[in-house]
Amino acid sequence: MEVETVEESERLVLAITSGDREAEQRLVSLYLPKVKVVLKFRTKNAEIAADLLQDVMVEAICALRNGQLREPAKLPAFILGIARNLLNNHFRGIARQPVSLESPDEVPDLTDATEAIAERQEHDLVRRAISALNPTDQSILQLTLAEGLKPGVIAERLRLNPDVVRQRKLRATRKLVEFVSRLSQKKLAAHIKERVVS
Amino acid sequence: MKTCDGTPAKEQGLQYVEGTLQEFDADRFEEHFFNCPFCMKNMRTLQIAAEEFSQMPVVAIPAKRRNPHAWPVPVWSLGAVAAVLLIGYISYLNFKPRLSQPTVARNQTTQPIHATVPPPTEAAPPSSHVTASPVRPSQLADLTLPAYLIPTLRGEKLDARFVAGMREYARRNCDGAIKALSQLPAEDAEARTAAFYAGACQMHRGDYASASMLLHKVADAENSPRQEAALYLLAQVSLAENDPAAAHAYLERTIQLQGDLEERARAEDLRITAMQKDNSALPDKNPDTK
């Protein structure tokens with residue numbers, strides 16, 4: 001996940017407004033993963049999220065080309081705003097209007113290959129982190145994250161106290177996040193070392 | 001967004017995923033993590049975990065408790081019984097000398113909850129005295145201040161009153177800490193943390209009623225990361241008030257949470273039981289333990 005500074009946002013917006021297609025590609029690689037996360041959380045449906053993701057990126061690029069963002073420093077909020085608008089329209093059942101882009105051919109590549117590789121690697125790390133959790137914690141997290149069950153229901157299923165479920169859920173989540181973060185840092189360090197050596 | 005270490009995602013991420021955050025808070029959190037690489041990474045981890053879990057077969061096997069009377073008893077359980085007896089005996093041996101200690105933990109130097117060392121003991125009185133006088137539950141109370149680790153960097157700015165209060169707490173200035181922490185509004189994100197440490201301070205000062213009230217705010221709250229520690233401190237307050245039954249109840253709740261303080265609470269509960277047995281074995285001429 002790249003860190004983007006205000007100056008970088010401003011440069012990016014100005015470049016897109018002046019017709020720089022490479023800047024558009026850079027915008028896609030910066031924001032596509034972020035928008036995807038929000039859309040997946042909000043829709044809880046990967047297919048709908050993938051559909052909306054394309055629309056958000058296309059609409060964002062169109063708006064930037066037309067110079068609709070007056071404060072380039074607010075680029076992240078601008079893109080999130082577009083995502084929220086499209087989400088609201090989707091939930092209200094409003095049919096999506098064709099975006100005001102001249103031609104879909106002029107849109108940068110929205111299938112980010114680097115992002116796909118990174119996602120596969122993240123899945124590997126998360127699988128390792130999950131297997132490192134104790135079986136009860138795995139069950140609690142599975143019932144919470146995948147089934148969307150509340151602690152009371154999980155407690156009944158697992159014959160545990162609801163308070164125990166709440167505590168273990170919090171602790172297991174932290175463990176999972178910290179485990180993945182530790183592993184990815186190690187991986188990054190190894191990668192840097194490898195590059196320095198070669 | 002260079003001032004965040006991913007803590008907001010660790011604290012609110014799960015609630016966001018579950019949809020239990022208020023709409024306003026969810027929007028605010030979303031705006032934060034959208035612009036924060038650390039929190040975004042943590043949120044991605046949660047999302048990928050959800051995807052991985054949804055592809056796994058449901059492993060919701062009830063954590064069944066084996067019938068303790070079932071036969072044949074596995075060999076490991078005999079070992080466990082032996083270990084429990086051994087631990088009980090060692091605890092009893094450790095507990096015995098404490099009969100002679102008039103020292104109350106309130107006077108000892110402050111230590112974090114996880115690293116409390118028994119206070120230096122004074123010279124033991126003659127052994128005849130040991131067997132004659134009942135031990136008071138307050139002698140078992142550990143009234144030391146739990147450690148406070150200042151969170152390195154957070155996405156949200158902390159209230160100045162909270163920061164001032166915790167600074168005083170770190171200096172072991174309980175009066176100053178209570179004064180500053182009590183000014184924090186109830187709706188502040190750190191209000192529960194403030195209640196916990198103010199409660200710990202009141203306990204340390206000996207104002208058990210106030211301590212109990214403040215610690216209950218944390219212990220009775222759902223999803224509070226300090227719930228376990230608050231229950232443990234409530235047990236200490238009950239002991240200090242010579243109420244071993246209440247202490248036992250709080251320790252049981254602490255044990256049930258199966259957290260970091262589980263073993264400690266279990267050992268303390270054993271000590272209370274042993275103390276009650278010992279006291280009941282004393283001749284009638286001794287006053288009750290209250």
Side-chain angles (χ1 to χ4, degrees), chain A residues 1-5 31 33-38 40-42 44 46 76-77 79-80 83-84 119 122-123 125-127 129-130 135-136 138-148 150-151 154 157-164 166-171 173-174 176-181 184, chain B residues 1-2 5-7 9-11 13-20 26-27 30-31 33-65 219-225 227-228 231 253 255-260:
Chain A
M1 204 62 59
E2 289 178 70
V3 184
E4 192 200 2
T5 59
Y31 284 95
K34 296 178 180 183
V35 176
K36 195 177 182 182
V37 170
V38 171
K40 274 189 182 176
F41 274 131
R42 290 273 181 159
K44 298 192 192 302
I79 293 179
L80 182 61
R84 283 176 175 172
E119 202 172 315
E122 279 176 307
H123 272 273
L125 290 182
V126 171
R127 270 197 295 273
I130 289 173
T136 312
Q138 280 184 24
S139 297
I140 292 172
L141 277 192
Q142 185 177 32
L143 295 171
T144 304
L145 294 173
E147 308 280 314
K150 300 279 174 231
I154 299 173
R157 282 213 193 172
L158 300 180
R159 296 187 199 163
L160 290 170
N161 181 316
D163 285 337
V164 173
R166 281 189 198 97
Q167 287 284 328
R168 291 186 77 147
K169 185 177 69 178
L170 286 174
R171 209 170 301 139
T173 309
R174 280 181 184 227
L176 188 85
V177 164
E178 277 159 17
F179 189 95
V180 171
S181 155
S184 48
Chain B
M1 222 20 97
K2 289 171 190 167
D5 63 350
T7 308
K10 284 180 196 164
E11 289 181 351
L14 197 58
Q15 286 172 282
Y16 173 83
V17 177
E18 289 175 320
T20 52
D27 284 353
E30 198 172 78
E31 279 151 25
F33 81 71
F34 193 76
N35 207 13
C36 166
F38 299 103
C39 288
M40 178 55 89
K41 185 160 179 23
N42 290 346
M43 294 309 289
R44 254 173 89 113
T45 299
L46 283 184
Q47 192 163 73
I48 291 170
E51 287 168 12
E52 285 294 328
F53 276 127
S54 62
Q55 285 165 14
M56 285 164 62
V58 178
V59 282
I61 304 154
K64 273 187 196 165
R65 288 204 178 152
D220 299 340
E222 284 185 0
N223 281 338
S224 164
Q227 185 184 29
E228 187 193 16
L231 285 167
R253 283 177 65 190
I255 293 163
Q256 275 171 10
L257 292 179
Q258 299 176 1
D260 300 335

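Because the structure is predicted, anything quoted here is derived from the model rather than measured. Residue numbers begin at 1 in each chain, while the letters A, B, ... track the order of the sequences.
- Residue Val37(A) comes nearest to Gln47(B) through the heavy atom pair O-NE2, 2.9 Å, listed as atom of the first residue, atom of the second, then distance.
- Scanning all heavy atoms of the two residues, the minimum distance from Lys44(A) to Val17(B) falls at NZ-O, 3.3 Å.
- Contact of the Leu145(A) side chain with the Glu52(B) side chain is not registered, since no non-hydrogen atoms from C-beta on lie closer than 4.5 Å.
- The contact between Glu51(B) and chain A is made entirely by side chain atoms (from C-beta outward), counting heavy-atom distances below 4.5 Å.
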Hey, mind stepping through Arg84(A) and Glu31(B) against side-chain contact (heavy atoms from CB on, under 4.5 Å) and telling me if it holds? CA-CA 11 Å; Arg84(A) 283 176 175 172; Glu31(B) 279 151 25; 2.9 Å; yes

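- The minimum heavy-atom distance between Phe53(B) and Gln138(A), with the atom names listed, is CE2-O, 3.6 Å.
- Across all their heavy atoms, Thr173(A) and Leu14(B) have their closest contact at OG1-CD2, 3.4 Å.
- Note: Ile48(B) CD1 to Arg127(A) CZ = 10.0 Å, rounded to the nearest 0.5 Å.
- Within the 4.5 angstrom heavy-atom criterion, atoms from both the backbone and the side chain of Leu80(A) approach chain B.
- Between Gln256(B) and Val164(A), the closest heavy-atom pair is O-CG2, 2.5 Å.
- Side-chain contact, Gln227(B) with Gln167(A): a donor N or O sits under 3.5 Å from an acceptor N or O.
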Could you walk me through whether Glu30(B) and Phe41(A) pass the side-chain contact (heavy atoms from CB on, under 4.5 Å) test, one step at a time? CA-CA 10 Å; Glu30(B) 198 172 78; Phe41(A) 274 131; over 6 Å; no

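- Residues Val126(A) and Ala49(B) approach most closely at CG1-CA, 3.6 Å, considering heavy atoms.
- Between the side chain of Arg44(B) and the backbone N or O of Glu122(A) there is no donor-acceptor pair closer than 3.5 Å.
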Under the criterion side-chain contact (heavy atoms from CB on, under 4.5 Å), I'd like the reasoning laid out for Glu18(B) against Lys169(A): C-alpha separation, chi angles, the key distance, then a yes or no. CA-CA 12 Å; Glu18(B) 289 175 320; Lys169(A) 185 177 69 178; 2.7 Å; yes

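- Per-residue heavy-atom pair counts under 4.5 Å with chain B were compared for Val177(A), Val180(A), Val35(A), Ile79(A), and the maximum is reached by Val177(A).
- Proximity to chain B (any heavy atom under 4.5 Å) is shown, for Leu141(A), by both the backbone and the side chain.
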